[in-house]
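Keep in mind that this is a model prediction, so the values were computed, not measured. Here is the naming used below: chain letters follow the sequence lines, and residue numbers restart at 1 for every chain.
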Number of protein chains: 2
Amino acid sequence: MQIIGTSVPRIDGLSKVCGKIQYVDDLYLRDMLYAKIYRSTIANGRVKAIDVSEAKRLPGVEAVITFEDVPAHTFPTAGHPFSLDPTHQDVADHSILTGRIRYWGDEIAAVVAVDELTAEKALKLIKVEYDEYPSVLTLSDALDESAVEIHQGSNNIIKTTSYKFGELEQSFVECDYILEGQYKTSIVQHCAMENHSAFAYTDQRGRIIIYSSTQIPHICRRIVGQALGMPWGMIRVVKPYVGGGFGSKQDVIVEPIAAFLSTKVAGRPVKLELTREETFIATRTRHAMEYTLKSGVAKDGTLLARKANIFSINGAYASHGHSIASKCAATIRVQYKQPAIECSATTVYANLPAAGAMRGYGIPQVNFALECHMDDLAYELGIDPIDIRLKNLHEAGFVDPLSGVKAHTNGVRECIRKGRELINWTNKRSCYKEQSGNKRRGVGMACFYYGTATYPVGQEIAGARIVLNQDGSVQLQIGATEIGQGSDTVFAQMAAETIGITFDKVHIITEQDTDITPFDTGSYASRQTYVSGAAVKKAAEEIKAKILQRASSMTDIPLQTLDTDMDWIVYKHSREKIKPLSDVALDSYYNLKTAAPITADVSNLTRTNAFAYGCTFAEVEVDILTGKVAVMELYNIHDSGKIINPQLAEGQVHGGVSMGLGYALYEQLLFDSKSGKPLNNNLLDYKLMTASDTPEIGVAFVETYDPTAPFGNKALGEPPAISPAPAIRNAILNATGVKINEVPMTPQRLFEAFKEAGLI
Amino acid sequence: MQIIGTSVPRIDGLSKVCGKIQYVDDLYLRDMLYAKIYRSTIANGRVKAIDVSEAKRLPGVEAVITFEDVPAHTFPTAGHPFSLDPTHQDVADHSILTGRIRYWGDEIAAVVAVDELTAEKALKLIKVEYDEYPSVLTLSDALDESAVEIHQGSNNIIKTTSYKFGELEQSFVECDYILEGQYKTSIVQHCAMENHSAFAYTDQRGRIIIYSSTQIPHICRRIVGQALGMPWGMIRVVKPYVGGGFGSKQDVIVEPIAAFLSTKVAGRPVKLELTREETFIATRTRHAMEYTLKSGVAKDGTLLARKANIFSINGAYASHGHSIASKCAATIRVQYKQPAIECSATTVYANLPAAGAMRGYGIPQVNFALECHMDDLAYELGIDPIDIRLKNLHEAGFVDPLSGVKAHTNGVRECIRKGRELINWTNKRSCYKEQSGNKRRGVGMACFYYGTATYPVGQEIAGARIVLNQDGSVQLQIGATEIGQGSDTVFAQMAAETIGITFDKVHIITEQDTDITPFDTGSYASRQTYVSGAAVKKAAEEIKAKILQRASSMTDIPLQTLDTDMDWIVYKHSREKIKPLSDVALDSYYNLKTAAPITADVSNLTRTNAFAYGCTFAEVEVDILTGKVAVMELYNIHDSGKIINPQLAEGQVHGGVSMGLGYALYEQLLFDSKSGKPLNNNLLDYKLMTASDTPEIGVAFVETYDPTAPFGNKALGEPPAISPAPAIRNAILNATGVKINEVPMTPQRLFEAFKEAGLI
């Protein structure tokens, strides 16, 4: 391969650096109006009375709409493919606006005005009276039988699922050692650079056109159709450049409101851009979760039995519903061999912002619990944490008994070997054995598994279209969405490699437009290179075949002896050049008898999955007196199969690790424990890591070649964010002997734990 | 057929009426700059010296570019498909800017500034010294051996062609009567509502993106590539709504300049919008032509011999070159049976605005000469003008001996029969036989032929793409361009009819974008319904076949018993409904095992042609003393095959007839006979017909069914403009006995002729 595997520069790099890229907020339409949402100032209750008359009278206000004006039916918001099976469809528990308040900030009314300031002013003129109910903010609140039901008939439980293999009770009896641990994760937010933003207008044939910062334009189209009760083809969604999503834009949040409002102002464009404060609470968050893990092992550390209870706190609306908790449950069985296992997962409602997809889709949470717990086992047994993992990790060839997915490759052991070397594990572990003083060092590690894409839980369909131009260059159109991760660049590499043209000959259409773009469910589940890449490859192969066919007709050289190579038609055996590929392209357009531009328009349904693996090795220095943790060294080593673009891949790992470090040490969205009012939904009080807070991040890859992937590649987008938190926690354990079982591991929390452990 | 043949409302009608349609001028890009052209104030000569230093110093001026800065090579501008055969390629005689002045207004330099006003001011600061040569403004000037060559080596002749059948000299000897006549047409301009306008910018990968009011985005891409010496794939052309073209936007005029200028201002968008004054002279005009026709007939009016000499005055640049004169020559042999014929056509350069394609592509000119001449023959022989035509017109089955194209249908006789009835021909002809007084009435008629599309002279390729949405609606994307003629509506009808869905289920993408849109050479030669319609039908048939296949799999009902009907899957024999088509659509997206959205992406090469026919019947009242002509009644009757949308078709005829009436009576672009300076290049002095000048226009259709067409249809866009001028001229002859052999038939011209004839 000549282009795959090389670090070609990002196709959009220069444009971004030059500020030429256009995001939703850079676009403006004539007659644009601006919407603002009136949000509840209670977390649980009901609107008793609402008076918008004064707001309506404010000059410049074009419309004020309340929950009483929106369609009565509810709709789902999760960016999942639609399912023909009603039992597999997402929970439809959302309304465009609501009078039943479910979290502090819930959407009661909307104002449309000629500018944002007028809309803001109008919000202040709206008067609401509430019936307030006690807030349900914690897991125990939610499970309390006397709690008010947040959604009628739900009992505050979205779903409980469980699985079971082997004879758990009997296995526990046979164990040498049993350990039980409890682990908690907290609510964090994606904090994409670009807040949620969309505008919508209605054309003269009644179609609604939406420009949105979304990861999932085709799904967005469907959900807006469902929300407004319109045929899906009457909705058109355009996605310009997106300033990051990380899963928060895998829900459809602002689009239905903007679309509905446009229908109320004679079709004029209505823009709804959330503020940062709104984005924090009114989009999606990462689920807070609580884990109880009980493991039984043999003396040598071999896992014999495990029982896992998972509770996921979903907030006010179901969004992705139970599927994230479900993925957490699956992770436990897929990562380690456990002859006997019982696992149950429960997702509950609470009067908190709705949680949804976020980089890792639950796995950072379960991985924190699981990898802390593995270290705790090693710690108690006096085994090297690496050894207990090597003993129990699954190997290549493993078939998940529930999903039927087979791990054709598994490079986790090689990742661990690399990480151990990079961080000088053995030496440091022995050095840090007996420490005293207030600054103590430790090394820790954690490994992870991540499934690429969603098969067989979700349908994995992708489309690609390629047109060969007269000069031998191509346009590549994909439904898969560039949201900052660099997918456009790797798709262009795939197309160039497969067709046999140079990289600069691929002109990619970066914008997705549901009217024009091949169908693809979008950017999530680290599916792009694997699922959408397969469609790109299929289309490119079709283009190449058509090129060679025409070349053969033009030259009378037998088809099977021809090949393409860097813009040339060559002899397959000798690579001798025959004619420029552009000659064939020109003929395809202008041959008087046989002209037919060479195009391919394919859809591909991927019915496989490939497991990505990896680990984090971290060294920390813990300040015992202040509880501050400094990350001294950190390595993320990934088996993501073949790496398409090493430089972009490294960038992905840097970003993911940074997110993982924030999760480990700093980030937490806080709420008043009584009212449910958010306390730090802004970037001043919410402690997001900045570049200057981020340590050097070491990156290495173990390149396996997955046979089910278009180019041997597996997921890389989400994996880097998974294992930093437990690795750091385990390094703290190594440094201090104290088990911190909850993220973020803030100085306050560490200080208290150290005090309890008698270190202070 | 349920949708084809019905007058569904224009798909874009409401949007247009509401002012929601966006033309180039409605679009604005951040950092936009504005260009203005410095034009010559002589018609023939050379720039001796140019000083732009003061212009460059004007604040707000970003660049001043002269002919010395542009690529040295020349390029063609005609909107023809490219040809692999160098001898068939268009004449490459144009530069982006030039120091060799060829018409009054030629493009010497360009200013780019922050606004139009500053650019205008800067133009005034440019100083140019000329070497002036004598102007070549008339045919005799051009043919004068001592004339300065406008293009080196041309001898001022672009090309001469001729053809010959039978023994002409001998046939003339055998004739009962021989008539020779000379006919002249003058220069007119398209006067599309929207002037030529484009803007271009360069992206960070070096690609040039152009938004243009063009009929031919894909050809524009190629020509800009040629002009700038760039690979064609590096150019992207987007066509928003276009406010009329009529052929003037079938040349590539403003785009190469805008594109080149953008590369000189670091890629910033540069907009070049011509004023009306510039559009008149610096885009394209209709060729002035001179005809000598000599015809020999038998006593009964049967044509035996004809000799035709055609001279076409092309102006400063070749543009479409000789192909328009060539089409004129062909028309003579294709319209009438002439056992012996010799025809020659010559196209010459002159120091006048370049002539190019204009509605009818030369046929209005040749038709004026030919139909005047036919009436003159009838007049001299004392035969009814209808009878001489019926005797000599070709019939269905005629095969053009030079092109090999066969007229499968020919409804001209039926058109004449209808017209004769509508205008009450026989009665009026007899009433108007002997008139005196100053107001005299007459009826006249003229018939025409028009070839649909350009096969076999040009390549006729078209593309269409259809995607079936989940709700059973479709997106239809075509490369063919809506330029106001209503093609989007008829394509949507074709798609709906063929797929078997209701009209409102077709969502057409009206904008063409060469990066996205299927390849199609564009809108010209009345080719859309015939050539591009064939592609739409082919794509729609593929969609229908895929729908029925899936429906059959879903229901186990044999494929051959299934059909579609207005959004339903039905039994073919009974039309009994089986399931909504949208169920099949939904399955195509979400069936877990077989999902594959139903799409079609086709290209179609049309290698046939179909002749459209028709006639005009007109009644006039001539004011002998003032020379004013009032059109009392007028009927255009068309054989355009099957009429797809009667209301839109009628609209086309109204517009075309209005253009034909202006051509007949009022319009002429005038130049100073010495300097070549344009005298009336504005809409005040150039007498374009307004709605209030236009009489009631009667329209009728004779629906033949052409077997080579997708739906039996033939050309209609251009035909209506062809025969009004000779019909009116012949009505004047009928009223007054005076032969006016030159358009426009202005009061001045008639007054002089009447004086000469002794009527005054």
Trainee: Within the 4.5 Å heavy-atom criterion, are A:R236 and B:Q475 side-chain neighbours or not?
Mentor: no
Trainee: Among B:R222, B:Q22, B:K20, which has the most heavy-atom pairs under 4.5 Å with chain A?
Mentor: B:K20
Trainee: Hey, what do you get for CG (A:L592) to CD (B:Q459), rounding to the nearest 0.5 Å?
Mentor: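 CD of B:Q459 is found 6.0 Å from CG of A:L592.
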Trainee: Tell me whether the guanidinium CZ or amine NZ of A:R205 lies under 6.0 angstrom from the six-membered ring centre of B:F503 and within 45° of its axis.
Mentor: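 Judged by the rule (NZ or CZ under 6.0 Å from the ring centre, within 45° of its axis), A:R205 counts as positioned above B:F503.
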Trainee: Between B:D471 (side chain only) and A:G233 (backbone N and O only), is there a donor and an acceptor less than 3.5 Å apart?
Mentor: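 Checking the backbone N and O of A:G233 against the side chain of B:D471, a donor-acceptor pair under 3.5 Å is found.
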Trainee: Top residue by heavy-atom pair count (under 4.5 Å) with chain A, among B:L605, B:N591, B:T514?
Mentor: B:L605
Trainee: Quick check for you: among A:S473, A:P231, A:A585, which has the greatest number of heavy-atom pairs under 4.5 Å with chain B?
Mentor: A:P231
Trainee: Take B:W232 and A:L586, measure what side chain to side chain contact (heavy atoms under 4.5 Å, CB included) needs, and give me the verdict at the end.
Mentor: CA-CA 11 Å; B:W232 306 351; A:L586 211 57; 3.8 Å; yes
Trainee: Who wins among B:Q470, B:R221, B:R30, B:H507 for the most heavy-atom pairs under 4.5 Å with chain A?
Mentor: B:H507
Trainee: Any idea which of A:Q477, A:E460, A:M234 has the most non-hydrogen atom pairs under 4.5 angstrom with chain B?
Mentor: A:Q477
Trainee: If I take atom OG from residue B:S588 and atom CD1 from residue A:I461, how far apart are they, to the nearest 0.5 angstrom?
Mentor: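 B:S588 atom OG to A:I461 atom CD1 measures 8.0 Å (nearest 0.5 Å).
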Trainee: Please classify the contact between A:D12 and chain B as side chain, backbone, both or neither, with a heavy-atom cut-off of under 4.5 Å.
Mentor: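 When you check distances to chain B, no heavy atom of A:D12 falls under 4.5 Å.
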Trainee: Please enumerate all residues that pass side chain to side chain contact (heavy atoms under 4.5 Å, CB included) together with B:A540, with sequence neighbours excluded.
Mentor: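 B:A540: side chain to side chain contact (heavy atoms under 4.5 Å, CB included) contacts with B:I466, B:T498, B:I499.
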Trainee: Can you confirm whether or not the ring centre of A:Y589 sits under 6.0 Å from the ring centre of B:F82?
Mentor: no
Trainee: Could you look at A:T599 and say if it's the side chain, the backbone, both or neither that has a heavy atom under 4.5 Å from chain B?
Mentor: side chain
Trainee: B:S582 versus chain A, heavy atoms under 4.5 Å apart: side chain, backbone, both or neither?
Mentor: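 Contact with chain A: none, neither part.
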Trainee: Specify the closest pair of heavy atoms between B:A596 and A:S603, including all atoms of both residues, with the distance to one decimal.
Mentor: CA-OG, 4.2 Å
Trainee: Is A:D515 in contact with chain B via its backbone, its side chain, both, or neither, using a 4.5 Å heavy-atom distance?
Mentor: both
Trainee: Partners of B:Y241 by ring-ring contact (aromatic ring centres under 6.0 Å, His included), sequence neighbours excluded?
Mentor: none
Trainee: Applying the side chain to side chain contact (heavy atoms under 4.5 Å, CB included) test to A:I516, which of B:I516, B:V467, B:T517, B:D513 qualifies?
Mentor: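 When side chain to side chain contact (heavy atoms under 4.5 Å, CB included) is applied between A:I516 and each of B:I516, B:V467, B:T517, B:D513, only B:I516 qualifies.
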Trainee: Could you tell me whether the side chain of A:Q204 and the main chain of B:G13 form a donor-acceptor pair under 3.5 Å?
Mentor: no
Trainee: Heavy-atom cut-off 4.5 Å, strictly under: side chain, backbone, both or neither for A:K505 against chain B?
Mentor: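 Contact with chain B involves no heavy atom of A:K505 at all.
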Trainee: Give the member of A:D31, A:N469, A:V602 that has the highest number of heavy-atom pairs under 4.5 Å with chain B.
Mentor: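 Among A:D31, A:N469, A:V602, the one with the most close pairs to chain B is A:N469.
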Trainee: Would you check, one step at a time, whether the test salt bridge (charged side-chain N to carboxylate O under 4.0 Å, His left out) holds for A:R207 with B:D504?
Mentor: CA-CA 11 Å; A:R207 292 187 89 208; B:D504 63 312; over 6 Å; no
Trainee: Once you round to the nearest 0.5 Å, how far does CG of B:D85 lie from OH of A:Y590?
Mentor: 14.5 Å
